[in-house]
Enquirer: 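One structure, as structure tokens, below. Some questions next.
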Amino acid sequence: MKLKMLAAATLLAGFAAHAFADTAAAAGTWKTIDDETHQPKALVQISENGSGELTGKIVKLFVNPDVLCSKCDGERKDKPVNGMNILWGLKKDGEGWEGGKVLDPKSGKVYSAKMKLIDGGKKLEVRGFLGVSLLGRTQVWERQ
């Protein structure tokens, strides 16, 4: 009986460590690329919040670093985009993360979000969408 409990505990610990490692794999600094100009736009710092959820904050804007989120609603209205949380609530789901939200500071709109690592973890595919994932847009961010 004790051997079965020890085996089960070891197995659960292995799953928990694997899940944490996968979540941590997306943590780090990512460079976003502007959809229109194809130039670097910002650096986003992604971190795990302690309960398995990923959040992302803009830590550097390459152009117009003092811009305010004039089209945002609520507490983000007219606040600096630099330092703003733009990604939150993403949870590990299979090979990616889902169930979160992403803010487009340019439009002030909040979209449902999902993301996954690509290119051996060198890039992050971030998809923002309304309702179903087919109705959205994907950006590829580069690990820094």
Enquirer: Determine whether a donor-acceptor pair (N or O, by modelled atom type, separation under 3.5 Å) exists between the side chain of N85 and the backbone of L87.
Expert: no

Enquirer: Is the positively charged end of R127 above the ring of W141, judged by distance under 6.0 angstrom from the centroid and angle within 45° of the axis?
Expert: no

Enquirer: Whether the side chain of K92 engages the backbone of G94 through a donor-acceptor N/O pair (distance < 3.5 Å, no angle test) should be reported.
Expert: yes

Enquirer: Is any NZ, NE, NH1 or NH2 atom of the basic residue among E36 and K41 found under 4.0 Å from an Asp or Glu carboxylate oxygen of the other?
Expert: no

Enquirer: Salt-bridged, E53 to K91, with N to O below 4.0 Å?
Expert: yes

Enquirer: Ignoring hydrogens and geometry beyond distance, is a side-chain donor-acceptor pair present between T138 and E125 at under 3.5 Å?
Expert: no

Enquirer: Quick check: do L124 and V140 have side-chain heavy atoms less than 4.5 Å from each other?
Expert: no

Enquirer: For the side chain of T32 and the backbone of A42, is there at least one donor-acceptor N/O pair under 3.5 Å apart?
Expert: yes

Enquirer: Short question: side chain of D93, backbone of G96 - any donor-acceptor pair under 3.5 Å?
Expert: no

Enquirer: Between R143 and G121, is there a donor-acceptor pair closer than 3.5 Å when you use the side chain of the first and the backbone of the second?
Expert: yes

Enquirer: Does this structure show an ion pair linking E142 with K123, if we count only N-O contacts that are shorter than 4.0 Å?
Expert: no

Enquirer: Closest heavy-atom contact between C72 and K77?
Expert: O-CD, 2.9 Å

